[in-house]
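Proteins come first, then strands; the chains are lettered A, B, ... in the order of their sequence lines, and each starts at number 1.
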Amino acid sequence: MSTSFDLLPSFDELLYHTAQSLDGFNEDFDPQTRSADERFGDFQANGVLPFAKKAGKNPRELAQILIDALPPSENWTVDLAGPGFINFTLTPKFLLEWISEHGSDSAISNSAHSESPKKVVLDYSSPNTAKQMHVGHIRSTIIGESIARILAFQGNEIIRDNHLGDWGTQFGILLLAIKEQKISLDDLGDDPIAQLEDLYRQGNARIKEDEVALAKARQELVQLQDGDPENLQLWEKIRDISMSSFLKIYELLDVKFDHSLGESFYRDQVDEVYQGLSKHKICQEDDGALVVFHPEHKRFAKQPFIIRKSDGASNYATTDLATLTYRQKEWQAEQIIYVTDGRQRDHFEQLFLTAQKWFDADKKTLPTLSHVWFGTILGDDNKAIKTRDGQPIKLIDLLEEAIRRAADMVKQKNKDLPEEEVQRRAKVIGLGAVKYADLSQDRTLDYVFSWDKMLAMQGNTAPYLQYAVARISSIFRKVERSTEDSFTHARPPESDAERKLSRKLLFFPLALKQATRELKPHFLCTYLYELATEFSSFYNQEKVMIDDVKAKDLRLLLCASTQSVLKTGLNLLGIDTLEEM
RNA sequence: GCUCCUGUAGUUCAAUGGAUAGAACAUUGGUCUCCGGAACCGAAGAUCUGGGUUCGACUCCCAGCGGGAGCGCCA
């Protein structure tokens, strides 16, 4: 027999349909099924309470009527509790069936496919060229990559686009400094990006005080945007230097983009934006700039969205509008997800409102637009880490330190391991720790950067999850079996530990769904950690290598399924696993 | 000034309006002839304040207090 991957909708539908044939109910009834606290059962429906209240009926009596009308099943038992909760408890036999059917790698990925896959553009990472990525830049890259994987896993077509900030004000400052100091970009030493960043920092400090320099820097930018050959050549070189420093980081993080179409790519498309918005009278001139107001909005009725500066130059808003239309026209994007810092919320809200009006006027369908924003990484002073004046920790340094610390641990636990293997494992463990540290908390919260937090390897961390995976591999090596075997002799789970681990396994679809619905990977982290904890507890209580074939097969099955879910889940977070660590 | 976000154990974080608010770190007591101790089992410890809505509130609404962000030519 076949069971469904995600059981929650099955219970929800069962309750809804049963209720429709009963006197006291109608189509407004929502069963509100959810996973239950293990003290009460596996799934719980609370919907009778509010429904009964509204209908002026006794909730317990109404719930009892519904329970009595449910068709009998060998898969679960049901009972009524408290003021009117309906609790379902799955039978051991059914748990075993579900795990046998859905617990393997291939079954998990097949089962997770969406019925209505979409074409989604994911805009993430998006660093500014000419500057280094520092620890504050880690979030967009890691969160974006995880969301890309989560959506792709469910069958959506994902286009990963790194929207580089490569056409902005920083170039005016930088070009001025390069020319004045007669610097050769071919001769910047071992760490060219650091040299460029120094130049930028100095230049930025200077234009704050020197108005003449500020005007010159602006002029350099205008010349660049007008296509001045010398500036363009320098700009290209800067871009190349930046890209090679980014690529080093992306390689470590295992992030690959389909496109890196920066703002500069859209430089010839900004006129279309001005014309399109002007034609439909969506924008207006104000103080010499071209701006958009949204009279229906309480704030944006007065707070302008500037799409062309008074000096005629384009800005972030202009290129974002051009980018949006390009993605819709060239890629037929059905959804566009922007992963950026929360401080840009106003910008995106204005962008989305403006795009909606423009598309409506042109009678085009606007893709679903989502701003997936995250909190800021703060320094010890509780202020955002920023490049302009201070010297924040470089992202590459964080990643390398993580690998170094992990390598120390690997060596300590495996004395005679070849250096190459130490490094391979250290990468998986160290980078996993960093990624998990960021992904495991709600993305909307700010946090203060801390080495200890980013590099922790005990407790609720990636290495703990990786450790569970490695232990399971170890068991299978010892029994000389494969996790891909079928465990046909398995009996249903009996003991407390077996049962708890089993029920945890079948909540994976719920965690995945929640992470997807809210585009928040931390729901997945929480689930995986709970699963690993449940496994460790099981592992401690129930020996796997035993003579009883039925119990042994069940326990092997539980181990194999746990590993499949952990590996799959970690992969969705962009975190790799090891056979041994 | 206007708008938005935020306030949970000592610390860092969880909790689709549901039953006794979960963890981790730190503190502390155990487990060590155990398939990997990056582990397991236990103890202690928390919802900023005051109202309101609700059968039920960390969650929703109002007010206050604290922290942070955005608000015309940065991205």
Side-chain angles (χ1 to χ4, degrees), chain A residues 32 34-37 39-40 44 46 49-50 52-53 59 81-85 87 126-128 165 167-170 263 286-291 298-300 302-311 313 315-317 319-320 340-347 349 373 375-376 378 382-384 388 406 409-410 412-413 429 433 437 440-442 444-448 450 452-453 456-468 470-479 510 513-514 517-518 522-523 525-526 529-530 533 536-546 555 559 580-581:
Chain A
Q32 292 185 22
R34 42 180 289 159
S35 61
D37 187 306
R39 286 169 300 194
F40 309 119
Q44 164 182 76
N46 300 336
L49 268 83
K53 177 72 188 171
F85 301 125
N87 293 326
S126 309
N128 288 336
W167 205 236
T169 318
Q170 75 264 37
E263 292 167 341
D286 203 283
D287 269 356
L290 203 57
V291 305
K298 61 184 169 187
R299 202 156 13 112
F300 304 139
K302 292 197 172 150
Q303 186 177 318
F305 189 51
I306 298 172
I307 60 166
R308 190 176 66 203
K309 301 193 275 188
S310 50
D311 64 5
N315 67 2
Y316 191 34
T319 50
D320 267 357
T340 84
D341 189 290
R343 286 171 292 183
Q344 296 179 30
R345 266 177 297 162
D346 275 5
H347 167 80
E349 208 180 323
W373 60 276
T376 311
L378 310 171
N382 258 343
K383 299 281 183 191
R388 250 173 262 166
M409 240 162 133
V410 171
Q412 195 186 322
K413 285 163 200 278
I429 295 165
S440 60
Q441 72 176 264
D442 188 316
T444 60
L445 258 58
D446 295 350
Y447 65 83
V448 176
S450 131
D452 286 346
K453 179 193 179 87
M457 302 201 189
Q458 271 153 9
N460 186 359
T461 64
Y464 176 84
L465 305 186
Q466 291 167 327
Y467 180 66
R471 270 175 146 181
I472 294 169
S473 292
S474 170
I475 292 172
F476 280 89
R477 279 195 301 275
K478 292 227 160 75
V479 297
L510 278 66
K513 199 198 278 174
Q514 198 177 10
R517 191 179 53 230
E518 301 195 27
H522 83 278
F523 289 116
C525 294
T526 303
Y529 178 67
E530 285 169 2
T533 304
S536 297
S537 183
F538 160 83
Y539 178 89
N540 230 263
Q541 287 175 58
E542 312 285 11
K543 210 160 150 48
V544 175
M545 293 166 69
I546 49 174
R555 291 175 191 174
C559 287
E580 296 175 71
M581 60 188 277

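Scanning for salt bridge (charged side-chain N to carboxylate O under 4.0 Å, His left out) contacts around A:K543 gives an empty result, with sequence neighbours left out. Under the rule for a salt bridge (charged side-chain N to carboxylate O under 4.0 Å, His left out), A:R517 has no partner lying at least two apart in sequence or in another chain. In this structure, the side-chain contact (heavy atoms from CB on, under 4.5 Å) partners of A:D286, at least two apart in sequence or on a different chain, are A:Q284, A:V291, A:F293. With sequence neighbours excluded, the residues that form a side-chain contact (heavy atoms from CB on, under 4.5 Å) with A:Q44 are A:R34, A:A36, A:N46, A:F85, A:N87. Legend: residues meeting side-chain contact (heavy atoms from CB on, under 4.5 Å) with A:Q303, ordered by chain and number and at least two apart, are A:R299, A:F300, A:D346, A:Q350. Considering only residues two or more places apart in sequence or on other chains, A:R343 meets the salt bridge (charged side-chain N to carboxylate O under 4.0 Å, His left out) condition with A:D341. Remark: A:D446 pairs with no residue by the salt bridge (charged side-chain N to carboxylate O under 4.0 Å, His left out) rule, at least two apart or across chains. Listed by chain and residue number, A:R425, A:R477 satisfy the side-chain contact (heavy atoms from CB on, under 4.5 Å) test with A:E580 (two or more places apart in sequence, or in another chain).
Phosphate contact (OP1/OP2 of B:A15, side-chain N/O of A:H522, threshold under 4.0 Å): present. Taking only side-chain nitrogens and oxygens, A:T169 comes nearer than 4.0 Å to OP1 or OP2 of B:A75. Listed pair A:Q303 / B:C71 fails the phosphate criterion, with no side-chain N or O lying under 4.0 Å from OP1 or OP2.
Side-chain contact check for A:D452 and A:S450: no donor-acceptor pair (N or O, by modelled atom type) lies under 3.5 Å. Residues A:S536 and A:Y464 bring a donor and an acceptor atom of their side chains to less than 3.5 Å of each other.
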Map every base of RNA chain B to its dot-bracket character, where paired means a Watson-Crick or G-U wobble contact with both distances under 3.5 Å and | marks a partner outside the strand.
(((((((..((((....[...)))).(((((.......)))))....(((((..]....))))))))))))....
Treating primed atoms plus P, OP1 and OP2 as sugar-phosphate and everything else as base, which nucleotides of nucleotides 57-62 of chain B get B, S or - for protein heavy atoms under 4.0 Å?
------
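Within 4.0 Å of A:N87, counting heavy atoms only, lies at least one base atom of the nucleic acid. Contact annotation for A:R39: base contact, defined as any heavy-atom pair under 4.0 Å involving a base atom.
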Quick one: which protein N/O atoms are closer than 3.5 Å to N/O atoms of nucleotides 40-43 of chain B? Pair and distance per line, please.
residue: B:C40; atom: OP1; partner: A:Y464; partner atom: OH; Å: 2.6
residue: B:C40; atom: O4'; partner: A:N540; partner atom: ND2; Å: 3.3
residue: B:C40; atom: O2'; partner: A:N540; partner atom: OD1; Å: 3.4
residue: B:C41; atom: OP1; partner: A:S537; partner atom: OG; Å: 3.0

Distances for protein N or O near nucleotides 3-9 of chain B N or O, under 3.5 Å:
residue: B:U3; atom: O2'; partner: A:R299; partner atom: NE; Å: 2.7
residue: B:U3; atom: O2'; partner: A:R299; partner atom: NH2; Å: 3.1
residue: B:C4; atom: OP1; partner: A:K298; partner atom: NZ; Å: 3.1
residue: B:C4; atom: O2'; partner: A:R345; partner atom: NH1; Å: 2.8

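Between the base of B:G17 and the side chain of A:N46 there is no donor-acceptor pair shorter than 3.5 Å.
B:U8 and B:U33 are spaced 43 Å apart, taking the P atom of each and rounding to whole Å. Nucleotides B:G10 and B:C48, compared at atom P, are 12 Å apart to the nearest Å.
A stacking contact between A:Y539 and B:A39 is absent: the pair does not combine a ring-centre distance of less than 5.5 Å to the base's six-membered ring with planes differing by less than 30°.
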